[in-house]
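Worksheet: the structure to be examined is printed underneath.
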Amino acid sequence: MKTRRFSLRTAVTLCGLSVLCAGSAAMGQAQSGAFEVEETGQSFARLQQAVNAIGDGRGTIRIANGVYSECAVQAAGAVTYLAVEAGQAIFDGVTCEGKAALVLRGRSAQVSGLVFQNMAVPDYNGAGIRLERGNLTVAQSWFRDSQQGILTAADPNGQIVIDHSTFSRLGTCAGAGGCAHSAYIGDYGVLRVTRSRFEQGRGGHYLKSRARKNDVASSSFDDTQGRATNYMIDLPGGSVGQISNNRFVQGRDKENYSALIAIAAEGQPHTSEGLQIIGNDARVAPDVQHDTTFVANWSDDNVRLSDNKLGPRIQKYERR
């Protein structure tokens with residue numbers, strides 16, 4: 001299968017990971033002055049104005065409750081995008097540069113409590129966040145009903161952290177250039193995903209990462225309502241790190257049902273020696289009739305599997 005290649009502030013809430021919580025925001029238009037730069041007290045009607053006010057500095061943009069037809073490009077600095085109330089600030093269907101609601105190429109960005117939905121562009125790569133360089137932390141945010149949730153370029157020295165976030169009804173293989181995915185991470189140094197949920201995919205993989213090191217822990221991959229989906233986790237260039245204490249359920253509507261986790265299927269710029277896959281629970285949905293493999297490895301590296309609970313029809317490991 002072809003794939004397109006691309007060279008915290010923690011909010012306090014009782015909502016947890018539920019997508020329904022994010023959907024409860026008032027559906028009115030954003031009010032004037034909805035974007036406040038916390039450090040200066042300045043308020044702006046447009047998100048891009050607030051980003052420009054921070055410039056190459058460091059600052060936090062507090063985003064009021066509302067549904068926004070807004071997008072922004074961060075070309076410099078270190079910016080935190082913080083919902084005043086988690087799940088109540090919704091960016092709906094507007095992209096910058098034909099890419100994403102947030103196009104990030106500054107030193108770093110932190111995103112907390114935001115919702116990104118209905119992102120679509122002509123090349124089928126419409127995303128909530130397009131990260132082109134720098135570090136990124138995403139906490140308690142929602143990505144839904146779009147071509148992709150998060151898409152990044154390459155930054156081998158960079159780090160990406162995704163925590164307590166939900167990815168729903170994302171991905172597509174409709175474009176001529178290959179598939180889009182719920183989250184697609186380029187050649188970064190480190191990706192860490194914790195306490196997050198991937199569900200109801202609409203094509204491609206749930207999590208595809210070319211990062212040198214990947215740590216995916218305490219998350220869920222629920223494919224029971226997926227459509228034409230592929231792997232749950234795809235590490236196409238190899239990876240070290242750990243996949244631990246996650247839950248996987250494979251559904252029946254698959255473009256590729258041969259494995260849940262794939263390692264080095266597209267070559268091996270990174271070693272996978274010592275990658276640990278431990279303490280996970282993997283099942284197939286009750287109506288699934290095909291057999292599958294938990295981990296498929298295209299490399300000769302030693303991958304450690306231990307203490308994984310596998311349901312019927314799932315083979316533990318296959319060297320391909």
Side-chain angles (χ1 to χ4, degrees), residues 8-16 19 21-119 121 126-146 149-150 160-166:
L8 216 193
R9 178 171 187 156
T10 302
V12 178
T13 181
L14 299 176
C15 290
V19 175
C21 173
S24 65
M27 298 301 288
Q29 292 297 314
Q31 64 270 35
S32 177
F35 306 101
E36 178 188 338
V37 177
E38 184 175 85
E39 290 75 9
T40 64
Q42 291 177 287
S43 293
F44 300 91
R46 304 296 301 273
L47 177 60
Q48 187 66 63
Q49 294 171 329
V51 172
N52 293 346
I54 294 171
D56 196 30
R58 178 180 297 273
T60 296
I61 302 172
R62 292 172 54 85
I63 302 172
N65 294 1
V67 179
Y68 298 98
S69 298
E70 291 273 339
C71 64
V73 177
Q74 178 191 335
V79 179
T80 296
Y81 303 84
L82 176 66
V84 170
E85 186 176 358
Q88 307 301 305
I90 300 173
F91 288 86
D92 185 15
V94 174
T95 63
C96 283
E97 300 182 342
K99 296 175 180 177
L102 294 180
V103 179
L104 307 174
R105 46 179 177 260
R107 292 194 305 277
S108 67
Q110 298 187 63
V111 176
S112 183
L114 300 183
V115 180
F116 302 90
Q117 64 185 28
N118 302 321
M119 302 299 169
V121 299
I129 295 174
R130 174 79 74 94
L131 177 66
E132 298 186 345
R133 69 181 181 194
N135 296 334
L136 173 66
T137 299
V138 176
Q140 200 161 2
S141 293
W142 293 261
F143 301 82
R144 62 196 186 198
D145 300 307
S146 301
I150 297 174
I160 299 169
V161 176
I162 300 170
D163 180 55
H164 214 252
S165 294
T166 300

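All values below were derived from every heavy atom in this structure, side-chain atoms included, with hydrogens, water molecules and symmetry-related copies excluded.
- For D145, the side chain to side chain contact (heavy atoms under 4.5 Å, CB included) partners at least two apart in sequence or on another chain are N118, R169.
- Of the possible polar contacts, one joining the T40 side chain to the Q42 backbone as a donor-acceptor pair under 3.5 Å is found.
- Every residue was checked against the side-chain hydrogen bond (donor to acceptor under 3.5 Å, both in side chains) condition with S43, not counting sequence neighbours, and none meets it.
- Here the straight-line distance linking atom CG of L102 with atom CG of L47 works out to 6.5 Å at 0.5 Å rounding.
- Residue pairs satisfying the disulfide (SG to SG under 2.5 Å) criterion with at least one member in residues 35-101, sequence neighbours excluded, are listed as follows: C71-C96.
- Taken to the nearest 0.5 Å, the CD1 atom of I150 stands 7.5 Å off from the CD1 atom of I160.
- Using a 4.5 Å heavy-atom threshold, the side chains of Y81 and Q74 count as touching.
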For this session: Go through the steps to decide whether I61 and I54 satisfy the test side-chain contact (heavy atoms from CB on, under 4.5 Å), and finish with yes or no.
Result: CA-CA 9 Å; I61 302 172; I54 294 171; 3.7 Å; yes
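- Scanning both residues, F44 and A53, for their nearest heavy atoms gives CZ-CB, 3.6 Å.
- Here W142 contributes atom CH2 and H164 contributes atom NE2; the two are 8.5 Å apart, rounded to the nearest 0.5 Å.
- To the nearest 0.5 Å, atoms CD (Q48) and CZ (F35) are separated by 10.5 Å.
- With Q88 contributing its side chain and E85 its backbone, the two residues share no donor-acceptor pair below 3.5 Å.
- Taking CD1 from I90 and CG from N65, the interatomic distance works out to 9.0 Å, rounded to the nearest 0.5 Å.
- What you find for I63 and A89 is that their closest heavy atoms are CG2-CB, 3.8 Å.
- Between atom CZ of residue R130 and atom CG of residue L104 there is a gap of 11.0 Å, rounded to the nearest 0.5 Å.
- Between S146 and G126, the shortest heavy-atom distance links the atoms CB-O, 4.3 Å.
- Residues satisfying the side chain to side chain contact (heavy atoms under 4.5 Å, CB included) criterion with S141, sequence neighbours excluded, are V111, L114, V138, F143, S165.
- Remark: R105 pairs with V73, E97, K99, V103, E132, R133 by the side chain to side chain contact (heavy atoms under 4.5 Å, CB included) rule, at least two apart or across chains.
- Relative orientation of the F91 and F116 rings is parallel, given thresholds of 30° and 60° on the angle between their planes.
- Residues forming a side chain to side chain contact (heavy atoms under 4.5 Å, CB included) with A78 (at least two apart in sequence, or on another chain): R58, R107, S108.
- Considering every non-hydrogen atom in both T95 and M119, the closest pair reads CG2-SD, 3.9 Å.
- Taking every heavy atom of both residues into account, G77 and D56 meet most closely at N-OD1, 3.3 Å.
- Counting all heavy atoms, side chain and backbone alike, A50 lies closest to V37 at O-CG2, 4.0 Å.
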